[in-house]
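Presented below is the structure to which this report refers.
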Amino acid sequence: MPHPSPEPTILYTAILLLTLPATALLLAKAVHLLATRRAGYARTRPGRCAEAATLCLSVAVVTLTFANLSGFDTRPTRACVTARTGRDAAQAYRDGGNDGITIVSRTLPPSTLCTWPDGTTVQLVPSWVDPVLLLSLAGAAGSAAMGCRAAVGKGRSGRTRRAYPGPG
């Protein structure tokens, strides 16, 4: 009987626990946007950048959780058989020929790959997950960098403020 590859349980638990506040934050932002017609809570540039970075990280956490739960079933091979045949899991699972399926799961980048003895492979994680994860993490890093730059003291002209009066 094939078994999924062992993954660190603490990592899965942490991802699942982070998903609840991340989803709550995204829902609160959506309600705030609909109610006030204003995208953010913060009024300063560093605050807006920190808010954008937090939202990007929330999207990344929710996407990662979705990817890691794709193919989740009480019988690990059932999701593989359904994805391969495109039919209802119960009927396709009864047809036989499903022995020897190897399931390999990875957390980062998210992947659940089913391999049959004849060499056929099926990826259970949707193809849009990797680009969304990459863009949201890049957005978080970019927003954090812009927020730090704004907080350090760049003026509107783009020049740094001088701590002492000097020429020019």
Side-chain angles (χ1 to χ4, degrees), residues 2-86 89 101-116 119-154 158 160:
H3 295 287
S5 61
E7 288 285 332
T9 308
I10 190 78
L11 184 60
Y12 280 139
T13 305
I15 291 170
L16 285 173
L17 289 176
L18 283 174
T19 301
L20 296 173
T23 305
L25 176 69
L26 291 173
L27 288 174
K29 289 296 293 176
V31 168
H32 177 263
L33 176 65
L34 292 173
T36 63
R37 306 273 190 243
R38 194 167 51 108
Y41 296 119
R43 300 205 185 268
T44 64
R45 183 172 173 139
R48 287 193 305 267
C49 291
E51 192 173 342
T54 305
L55 287 175
C56 288
L57 285 176
S58 296
V59 169
V61 166
V62 171
T63 303
L64 187 60
T65 302
F66 174 79
N68 285 323
L69 290 178
S70 60
F72 181 76
D73 200 335
T74 56
R75 295 182 184 153
T77 57
R78 183 182 290 176
C80 296
V81 172
T82 303
R84 182 179 184 186
T85 62
I101 300 173
T102 305
I103 304 170
V104 178
S105 295
R106 285 188 320 211
T107 304
L108 285 173
S111 172
T112 303
L113 188 66
C114 305
T115 307
W116 277 262
T120 305
T121 60
V122 174
Q123 177 62 257
L124 296 180
V125 176
S127 60
W128 56 265
V129 167
D130 287 337
V132 168
L133 195 58
L134 181 67
L135 288 174
S136 60
L137 291 174
S143 296
M146 286 181 11
C148 288
R149 181 174 180 225
V152 167
K154 294 285 183 182
T160 55

Any idea which heavy atoms bring [X] and [Y] closest together, and the distance?
X: Trp128; Y: Pro131; answer: O-CD, 3.3 Å
X: Ser143; Y: Ala53; answer: CB-N, 3.6 Å
X: Ala60; Y: Leu133; answer: O-CD1, 3.5 Å
X: Cys56; Y: Ser136; answer: CB-O, 3.2 Å

Heavy-atom check, side chain of [X] versus side chain of [Y], under 4.5 Å:
X: Leu57; Y: Leu137; result: yes
X: Val104; Y: Thr115; result: no
X: Phe66; Y: Pro110; result: no

Enter the distance from [X]:[atom1] to [Y]:[atom2] here, rounded to the nearest 0.5 Å.
X: Ile101; Y: Thr120; atom1: CD1; atom2: OG1; result: 10.0 Å
X: Thr65; Y: Leu17; atom1: OG1; atom2: CG; result: 10.0 Å
X: Leu18; Y: Thr23; atom1: CG; atom2: OG1; result: 10.5 Å
X: Thr107; Y: Asn68; atom1: OG1; atom2: CG; result: 5.0 Å
X: Leu26; Y: Thr54; atom1: CG; atom2: OG1; result: 10.5 Å

Please step through side chain to side chain contact (heavy atoms under 4.5 Å, CB included) for the pair Leu135 and Val59, ending with a clear verdict. CA-CA 10 Å; Leu135 288 174; Val59 169; over 6 Å; no
Between [X] (side chain) and [Y] (backbone), is there a donor-acceptor pair under 3.5 Å?
X: Arg48; Y: Arg43; result: yes
X: Ser70; Y: Ala67; result: yes
X: Thr36; Y: Leu33; result: no

Please verify the inter-ring angle class for Tyr41 with His32; under 30° counts as parallel, over 60° as perpendicular, anything in between as tilted.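 Aromatic pair Tyr41/His32 classed tilted.
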Is it true that the SG atoms of Cys80 and Cys114 are less than 2.5 Å apart? yes
